[in-house]
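To start, the structure under review is shown below, and the notes come after it.
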Protein chains: 2
Amino acid sequence: MSSDRAFKDAIYEQIARVGRAVDHPRRLELLDLLCQGPMTVEQLARKSAMSVSSTSQHLQHLREARLVRVEHRGTFRIYDLTDDASCELFRTLRGLAQRYYAEMSAITEAFLRDREALEALDTAALQQRLAQESLTLLDVRPSEEYAMGHWPGAVSLPVEELSGRLAELPKDHTIVAYCRGPYCVLSLHAVDMLRKNGFRAIRLADGVSDWKAQGIPVAAGEVVS
Amino acid sequence: MSSDRAFKDAIYEQIARVGRAVDHPRRLELLDLLCQGPMTVEQLARKSAMSVSSTSQHLQHLREARLVRVEHRGTFRIYDLTDDASCELFRTLRGLAQRYYAEMSAITEAFLRDREALEALDTAALQQRLAQESLTLLDVRPSEEYAMGHWPGAVSLPVEELSGRLAELPKDHTIVAYCRGPYCVLSLHAVDMLRKNGFRAIRLADGVSDWKAQGIPVAAGEVVS
DNA sequence: CCATTAATCAACGGAATTGTTGAATATACT
DNA sequence: AGTATATTCAACAATTCCGTTGATTAATGG
């Protein structure tokens with residue numbers, strides 16, 4: 001049957017639509033960012049250090065594959081994940097890269113070693129320590145990302161504002177800083193600055209989407225100052 | 001910090017290695033086939049109707065991404081999945097395509113409607129019927145795939161041999177035929193032929209890797225005739 | 001209705017990917 | 001050694017994909 005072949009081709013072609021959407025590093029970065037919450041093209045472009053035009057084009061690839069969708073609001077277009085499955089896809093791919101490629105840990109370890117910041121907590125370790133001692137949880141992402149979802153009880157303090165607001169933080173117990181996930185550098189810089197100013201601080205490796213995947217509830221809402 | 005950017009680029013580049021491996025329909029077909037068990041290049045080429053050379057090159061892409069590995073045996077090279085995570089990746093992508101693309105079901109339904117074969121059991125429905133009535137489970141894949149893993153109690157009868165061995169099958173109860181998964185056409189042709197010859201027959205949509213993912217035990221071993 | 005802002009579109013050269021063809025390699029058999 | 005088989009490699013043109021640039025569309029506000 002010659003149409004068997006046509007059927008198979010059509011099916012695998014559809015599956016490849018998903019693959020093609022995630023075959024480019026920049027698109028994966030955009031997907032990672034969108035796991036934090038909906039954003040405009042300009043926000044995504046700024047956070048990923050790409051041109052707006054290029055960002056727009058990559059977003060259209062992601063849209064073709066239905067991993068993201070757009071909502072028009074005034075002259076803005078707000079991009080968002082179609083649903084949690086898109087974020088899960090990103091986590092699956094990231095997990096495979098961690099599992100299969102020695103390069104992943106080599107790159108990370110070289111980067112962290114240069115900054116003398118190898119240690120980090122994971123979610124389980126955090127929960128354990130939370131039960132034993134008093135910790136301050138610091139969300140160092142931009143405040144709009146905090147508003148879209150954050151660890152219950154965490155305080156928002158974007159890393160750019162950190163140097164000017166050190167006085168707000170406690171010196172008497174450990175500060176745990178987190179950002180977008182294991183490969184996001186914001187918490188790294190936060191911990192660095194905190195330690196240089198005499199605070200006890202440590203990084204949390206996981207981010208919001210990782211907690212969600214582990215069934216940990218996530219709080220949403222405006223920044224409380 | 002300019003090296004932050006270099007770090008991010010390196011990380012997303014690694015994740016994109018996975019995506020690039022699965023951005024081509026033919027590579028997805030090869031991955032699907034390898035979910036049935038290890039095979040040589042020539043076997044994969046024949047089953048996917050590709051040239052040996054092209055198959056070899058695609059396999060090297062999959063190998064670069066560590067989704068598959070090779071074992072040399074004589075002049076043969078036996079390709080195999082690195083581990084179950086590779087098969088899970090394929091199932092994840094297939095699941096997303098089913099979930100997001102109306103085209104997937106449109107293609108399938110048009111194809112099945114032409115063959116008057118819309119009905120199929122899933123794993124749960126099969127188990128339910130197995131508890132109530134006597135069924136014959138027929139594995140219509142090539143016998144080497146049966147040997148690598150099959151439903152416990154299933155009988156191997158490759159679809160090419162079916163027409164010559166109809167006498168071996170029972171007329172008094174329903175025959176359930178399965179093959180590689182929901183988009184494999186072997187069981188479709190088997191059911192078609194069985195019905196034309198007066199048997200009661202129905203297709204099972206899921207394949208070996210789907211049962212494994214659901215925690216259903218899979219039997220392995222030679223063909224019993 | 002004009003100016004502004006946000007985003008997309010169109011087009012360009014340059015780079016990477018694809019399938020085909022035929023040659024090269026590597027192992028096994030005689 | 002010499003032949004046969006299984007697979008990979010090399011080179012080719014054809015196609016697709018990439019980022020940049022600058023123009024275009026669309027909604028808002030004066």
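Numbered from 1 within each chain, the chains take letters A, B, ... in sequence-line order.
A close approach under 4.0 Å does occur between a side-chain nitrogen or oxygen of B:Q60 and OP1 or OP2 of D:dC9. Applying the 4.0 Å criterion to OP1 and OP2 of C:dT8, one finds that A:S56 has a side-chain N or O inside that range. An OP1 or OP2 oxygen of D:dC18 is reached within less than 4.0 angstrom by no side-chain nitrogen or oxygen of A:H58. OP1 or OP2 of C:dG19 has at least one side-chain nitrogen or oxygen of B:H24 nearer than 4.0 Å. Dashed line: the shortest gap from a side-chain N or O of B:R46 to OP1 or OP2 of D:dA6 is not under 4.0 Å. In terms of phosphate contacts, A:Y79 brings a side-chain nitrogen or oxygen within less than 4.0 Å of OP1 or OP2 of C:dT8. Residue B:T75 has no polar side-chain atom (N or O) positioned under 4.0 Å from OP1 or OP2 of C:dA28. Between B:R27 and C:dT18 there is a side-chain N or O to OP1 or OP2 distance below 4.0 Å.
Remark: B:R94 fails to qualify as a cation-pi partner of B:Y183 under the 6.0 Å distance and 45° angle criteria applied to the six-membered ring.
Of all nucleotides listed (C:dA7, C:dG19, D:dA6), D:dA6 comes nearest to the side chain of B:F76. The side chain of B:T40 approaches D:dT7 more closely than any other nucleotide in the set C:dG19, D:dT7, C:dT8.
Along DNA chain D, the nucleotide nearest A:H72 and the nucleotide nearest B:T55 are compared for position; the residue whose nucleotide lies closer to the 5' end is B:T55.
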**Q.** Worked verdict on A:Y146 versus A:W151 for ring-ring contact (aromatic ring centres under 6.0 Å, His included)
**A.** CA-CA 9 Å; A:Y146 173 91; A:W151 187 286; over 10 Å; no
